[in-house]
2 protein chains.
Amino acid sequence: MGEHLGEFEQMLLFAVLRLGDDAYGVTIRREIERRTGRRPSPGAIYTTLERLEQRGMVGSRVGGATPVRGGRRKRFYHLEPAGARALAMAYERLQRMAAGVLPRLQDLSGA
Amino acid sequence: MGEHLGEFEQMLLFAVLRLGDDAYGVTIRREIERRTGRRPSPGAIYTTLERLEQRGMVGSRVGGATPVRGGRRKRFYHLEPAGARALAMAYERLQRMAAGVLPRLQDLSGA
DNA sequence: GCACAAAAACTATATTGTAGGACAAATACA
DNA sequence: TGTATTTGTCCTACAATATAGTTTTTGTGC
């Protein structure tokens with residue numbers, strides 16, 4: 001089936017990978033905002049994460065209670081092997097499309 | 001409105017940039033296939049190109065006759081400044097998400 | 001218990017991605 | 001000049017992704 005990853009999906013997967021044991025909705029969202037300046041809505045995050053899980057790209061488990069005031073139990077995500085492969089491939093493909101033309105792109109985009 | 005570029009859109013823009021004066025439907029498609037192994041249908045190419053043009057990311061002009069046997073006139077595409085900026089930004093964002101975690105990704109994807 | 005905080009899930013819609021075949025136009029050649 | 005051949009684009013329809021906003025759940029502190 002769908003081996004392809006959209007742009008946002010790739011970002012989510014990179015965020016999950018980077019966050020390791022602390023990857024759940026809120027931190028993932030924060031990470032994307034920090035690194036890219038984009039501010040996706042919570043809904044965007046969860047919906048996409050769910051789709052990725054259905055496709056076997058990520059897995060999840062529900063965490064236990066925490067000593068913090070409030071807070072629903074977190075659902076922690078991790079990258080599955082299939083997700084890692086798909087992400088590596090998607091990244092490489094874009095890399096190949098970009099190879100060699102980045103200087104020209106910088107020029108044109110007025111850097 | 002939409003400043004964002006999807007995955008496929010980015011590929012098209014990179015192809016247009018690379019091909020320079022020879023960027024039209026058929027060559028763009030061939031370039032993507034060569035570099036990524038993906039084989040998008042003609043329809044995918046033209047539809048996406050048209051959307052990108054409506055958003056001001058690319059411009060086009062229709063070419064003249066050629067000394068080659070047959071063949072409809074080509075529509076040549078070029079990157080507009082807005083397209084270059086959007087592409088540079090999209091690329092940079094992904095780069096920032098990927099920074100530092102690529103080694104781990106290689107591991108997990110079984111390289 | 002009850003108020004409050006944190007996080008996730010649901011619902012609905014807009015935007016992207018995609019295929020495949022119909023159509024158009026240009027040249028060669030009888 | 002007219003018809004076959006070639007190259008390339010456009011049309012139509014549909015599937016998948018992206019996204020916001022609102023609601024629900026669950027845990028803590030008092």
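Lettering follows sequence order; numbering is per chain, from 1.
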Response to the item:
Ranking A:Glu7 and A:Tyr77 by the position along DNA chain C of their nearest nucleotide, the one closer to 5' is A:Tyr77
Practice prompt. Could you check how far CZ of A:Arg51 sits from P of C:dG17, rounded to whole Å?
Written response: 13 Å
Worksheet item: Rounded to the nearest Å, what distance is computed from the NZ atom of residue A:Lys74 to the P atom of nucleotide C:dA9?
Response: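 It is 14 Å, rounded to the nearest whole Å.
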Fill in: Straight-line distance of A:Asp22 CG to A:Thr27 OG1, nearest 0.5 Å
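Here the interatomic distance stands at 5.0 Å.
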Discussion item. Just verifying a value: how many Å separate B:Leu79 CG and B:Leu12 CG, rounded to the nearest 0.5 Å?
Written reply: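 Those atoms lie 11.0 Å apart.
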Discussion item. Whether B:Arg55 contacts C:dT16 is assessed here as follows: a side-chain N or O lying under 4.0 Å from the phosphate OP1 or OP2. Is that the case?
Written reply: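 Indeed, a polar side-chain atom of B:Arg55 lies that close.
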Practice prompt. Using the test side-chain contact (heavy atoms from CB on, under 4.5 Å), find all partners of B:Arg104 that sit at least two apart in sequence or belong to another chain.
Written response: A:Leu17, B:Val101
Discussion item. What is the separation between atom CG on A:Leu49 and atom P on D:dT19, rounded to the nearest whole Å?
Written reply: 14 Å
Discussion item. On DNA chain D, does the nearest nucleotide to A:Pro42 precede the nearest nucleotide to A:Glu9 from the 5' side, or the other way round? Give the residue.
Written reply: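 Closest to the 5' end, via its nearest nucleotide, is A:Glu9.
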Worksheet item: Which residues in residues 13-38 of chain B have at least one heavy atom lying under 4.0 Å from any atom of DNA chain D?
Response: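 Heavy-atom cutoff 4.0 Å gives B:Tyr24, B:Gly25, B:Val26.
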Fill in: Sugar-phosphate only, base, or nothing, as touched by B:Glu50 at under 4.0 Å among non-hydrogen atoms
nothing
Fill in: Euclidean distance, atom CZ of residue B:Arg73 to atom P of C:dA24 [Å, nearest integer]
13 Å
Discussion item. Which residues in residues 86-93 of chain B have a heavy atom closer than 4.0 Å to any atom of DNA chain D?
Written reply: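 Hits under 4.0 Å, by residue number: none.
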Practice prompt. Taking all heavy atoms of B:Ala98 and all of A:Arg18, pick out the closest pair and write down the distance.
Written response: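 Scanning both residues, the minimum pair turns out to be C-NH2, 4.0 Å.
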Worksheet item: Can you name the nearest heavy-atom pair linking A:Ala44 to A:Phe8, along with the distance?
Response: O-CE2, 3.7 Å
Item to complete: Taking only the side-chain heavy atoms of A:Phe8 (C-beta and beyond), determine which of C:dT18, C:dA26, D:dT19 contains the nearest atom.
Response: D:dT19
Worksheet item: Who are the side-chain contact (heavy atoms from CB on, under 4.5 Å) partners of B:Pro42, not counting sequence neighbours?
Response: B:Arg29, B:Tyr46
Discussion item. Taking salt bridge (charged side-chain N to carboxylate O under 4.0 Å, His left out) as the definition, give me every residue that meets it alongside A:Arg39, ordered by chain and number, with sequence neighbours left out.
Written reply: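 Testing A:Arg39 for salt bridge (charged side-chain N to carboxylate O under 4.0 Å, His left out), a comparison that skips the adjacent residues, returns A:Glu33.
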Worksheet item: Just how far, in rounded Å, is C1' of D:dC10 from CD of B:Gln54?
Response: 13 Å
Discussion item. Counting only side-chain heavy atoms from C-beta out, which of C:dA9, C:dA7, D:dC11 sits nearest to A:Arg75?
Written reply: C:dA9
Worksheet entry | Rounded interatomic separation in angstrom, taking CG from B:Leu94 and C1' from D:dA18 |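 Those two atoms, CG and C1', are 16 Å apart.
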Item to complete: Round to the nearest Å and state the distance from B:Ile45 atom CD1 to D:dC10 atom C1'.
Response: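 For the pair B:Ile45 CD1 and D:dC10 C1', the rounded distance is 14 Å.
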Practice prompt. With sequence neighbours left out, write down each residue that passes side-chain contact (heavy atoms from CB on, under 4.5 Å) with B:Ala86, or none if nothing qualifies.
Written response: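 In terms of side-chain contact (heavy atoms from CB on, under 4.5 Å), with neighbours along the sequence ignored, B:Ala86 is linked to B:Leu5, B:Met57.
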Worksheet entry | Base of D:dT24 paired with side chain of A:Arg72 (donor-acceptor, under 3.5 Å) |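 Indeed there is one.
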Fill in: Pair B:Glu7 + B:Arg38: basic N to acidic O under 4.0 Å
yes
Practice prompt. Select base, sugar-phosphate, or nothing to describe what A:Gly43 touches, counting heavy atoms under 4.0 Å on all strands.
Written response: base
Item to complete: Write down the distance between CD (A:Glu3) and P (D:dA16), rounded to a whole number of angstrom.
Response: 13 Å
Discussion item. It should be established whether A:His4 places a side-chain nitrogen or oxygen under 4.0 Å from OP1 or OP2 of nucleotide D:dT17.
Written reply: no
Item to complete: Would you give the length of the straight line joining atom CE of B:Met11 to atom CD1 of B:Ile28, rounded to the nearest 0.5 angstrom?
Response: 14.0 Å
